[in-house]
Each structure stands twice: as C-alpha cells, then as structure tokens.
Undergrad: 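Encoded as structure tokens, here's the structure I'll be asking about.
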Amino acid sequence: MSQSRNPIIVALDVPHLESALALLEQLAPVVGAFKVGKELFVAAGPDIVRRIRDTGAAVFLDLKFHDIPNTVAKAVEAAMRLDVQMLTIHTSGGLAMMQAAQKSAEEAALRTGKTQPLVLGVTVLTSFNTNDLAEVGVSHDVGEQVERLASLAAKAGLGGLVCSPLEITRLRQILPAHVQLVTPGIRPADSKADDQKRTLTPKEAMTAGASWLVIGRPICAAPNPRAAAEAILASL
Ligand code: C5P
C-alpha cells in the first residue's frame, strides 16, 4: 500500500455482520482500511473480509497469530487467499515464527501476483504493566520489552508494528525508517477517552511518526460516523 493514502483504519469492533455492513457502507468512501478483529471474525466468518474487499477498501485482519512457525506461516497464507492487506502476529512468538510469517507472505505474493500484505508485529499488549510482565517471567520494564521485541521484529523483516501513541517517538529512533507504525489509542481533541489511558490526537500521532491510525469508537459510535471520519481526515 502506498504512503500517500488515507491513513485512517476503522476498527470494526461490532458483534454481527449486519452492523459491520452498515458501517462499511457509510465509511468505505472516506477511510483507508477496516480492521477486523477476533470478535467480528469469529461471529461473521471470512465473508466479512470479502464484503469489505468488494467495496475496494483495504482489510487489516487483526487476529494476532501466535503459534509454532509452520502454523503461523499457513495462517498467513490462508489470510492472503482472503486478500487481506495487513495482518498481525505476536512478536513474542519469536524470531523464527516472525520470519516464517514474513516469508509466507512474500512467497504467496510472488505466487499469486498479489501485493504483499503488511505483516505487523504486536509487542507488549497495552493491558500489561511491568508487574504483569514479571508474573510471566519477563524481568524488563514494559518500555525495554517493547524495544527488544520491536528490534527483533525488524530483524525478522516485518514491515510494521502495532504500537501505542506514546511509543511512536522512541520506536522511530530505533527502527529502520521503512517500518510502518500502526497506532491505536487515537482520540480527536473533542472526543471521550473511553477506556484508553494514553492517547494522542490524530494529528499528533501522525506528526510523531505514525503511518496508520486505528480508530474505533470516535468514528463508529459517533452520531454520524461518516462526518466524524471526514472531520478526522480534515484535521490531518
Ligand atoms: O474504540 P477505539 O478507538 O479505542 O478502538 C481501538 C482499537 O484498537 C480496538 O480494536 C482495540 O482493540 C485496538 N487496540 C488498542 N490498543 C492496543 C492494541 C489494539 O486499542 N494496544
């Protein structure tokens, strides 16, 4: 996907195909991509991906794969058959798993002639603090662990990372410039934080170095989702 594009990825955090389709119809003309996560994918199945692709919009399949390298490689291949443009894997799955995922994406793209999807690494979940890390045997603080996993993802050749808004500046210092940063936790100045604790505005996140903005409730729960998306785009 080119850099001169609409950076808004709408998180379709809805429980049914029907509610996703209603949002899709309104928003497809004004946003860059739609994120399908576990809830919607389990409820609606792969058909939701096809329905999004039918509108011409890109799909970010956020299933956060984490398994043995062979299994993740096969899952990436299956995602490519669905024609997704971005997908997530857990960097804590290790170097070999990340390399297998990236290689699978590259080989499938060569074989099918499709554009290679962006394989994105998830580092430390934002629900984790340093105590939670210690409980699972990781003795670094969250910031150090994010940097360690981000560097490992770059070494594995991944094209991007998912990161919190407050990690963008630091990751831009340590990562090669071509690595794309996809950032949730985005809140326009006039909107509620909901359960997000560390947020930036869309403009601030892009200025800090985000490549893509994942935005859910500020668009989907707005009285007029399309107008909300257009206002965010205009603010950039
Ligand atoms: O509604 P909101 O804009 O907060 O939605 C953000 C989306 O990004 C949700 O799908 C959420 O699961 C996802 N996300 C996040 N924080 C992370 C990783 C993903 O908010 N660290």
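None of the values given here were measured: they were computed from a predicted structure. We use all heavy atoms of the structure for the numbers below, so side chains are in, but hydrogens, waters and symmetry mates are not. Both ligands and their constituent atoms are indexed starting at 1 by order of listing.
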Undergrad: Just by distance, do the side chain of N224 and the backbone of R226 share a donor-acceptor pair under 3.5 Å?
TA: yes

Undergrad: Could you grab the distance from atom NZ of K74 to atom CD1 of I68, nearest 0.5 Å is fine?
TA: 11.0 Å

Undergrad: Please tabulate protein-ligand N/O pairs under 3.5 Å for ligand 1, atom names and distances to 0.1 Å.
TA:
unit_1: ligand 1; atom_1: 1 (O); unit_2: R217; atom_2: N; d: 2.7
unit_1: ligand 1; atom_1: 1 (O); unit_2: R217; atom_2: NE; d: 2.7
unit_1: ligand 1; atom_1: 3 (O); unit_2: R187; atom_2: NH1; d: 3.0
unit_1: ligand 1; atom_1: 3 (O); unit_2: G216; atom_2: N; d: 2.8
unit_1: ligand 1; atom_1: 4 (O); unit_2: R187; atom_2: NH2; d: 2.8
unit_1: ligand 1; atom_1: 4 (O); unit_2: Q196; atom_2: NE2; d: 2.9
unit_1: ligand 1; atom_1: 4 (O); unit_2: R217; atom_2: NH2; d: 2.8
unit_1: ligand 1; atom_1: 10 (O); unit_2: D13; atom_2: OD1; d: 3.3
unit_1: ligand 1; atom_1: 10 (O); unit_2: D13; atom_2: OD2; d: 2.7
unit_1: ligand 1; atom_1: 10 (O); unit_2: K35; atom_2: NZ; d: 2.9
unit_1: ligand 1; atom_1: 20 (O); unit_2: Q196; atom_2: NE2; d: 2.8
unit_1: ligand 1; atom_1: 21 (N); unit_2: T126; atom_2: OG1; d: 2.8

Undergrad: Please check this pair: side chain of R53 against backbone of A57, looking for a donor-acceptor N/O pair closer than 3.5 Å.
TA: yes

Undergrad: For the residue pair T130 and D141, confirm or rule out a side-chain donor-acceptor distance under 3.5 Å.
TA: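 No, D141 and T130 have no side-chain donor paired with an acceptor closer than 3.5 Å.
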
Undergrad: Taking the basic N atoms (NZ, or NE/NH1/NH2) and the acidic carboxylate oxygens, is any pair closer than 4.0 Å for K38 and D62?
TA: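 Looking at D62 together with K38, the answer is no, because their closest N to O distance does not fall below 4.0 Å.
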
Undergrad: So, E107 and K103, do they make that salt bridge, N to O below 4.0 Å?
TA: yes

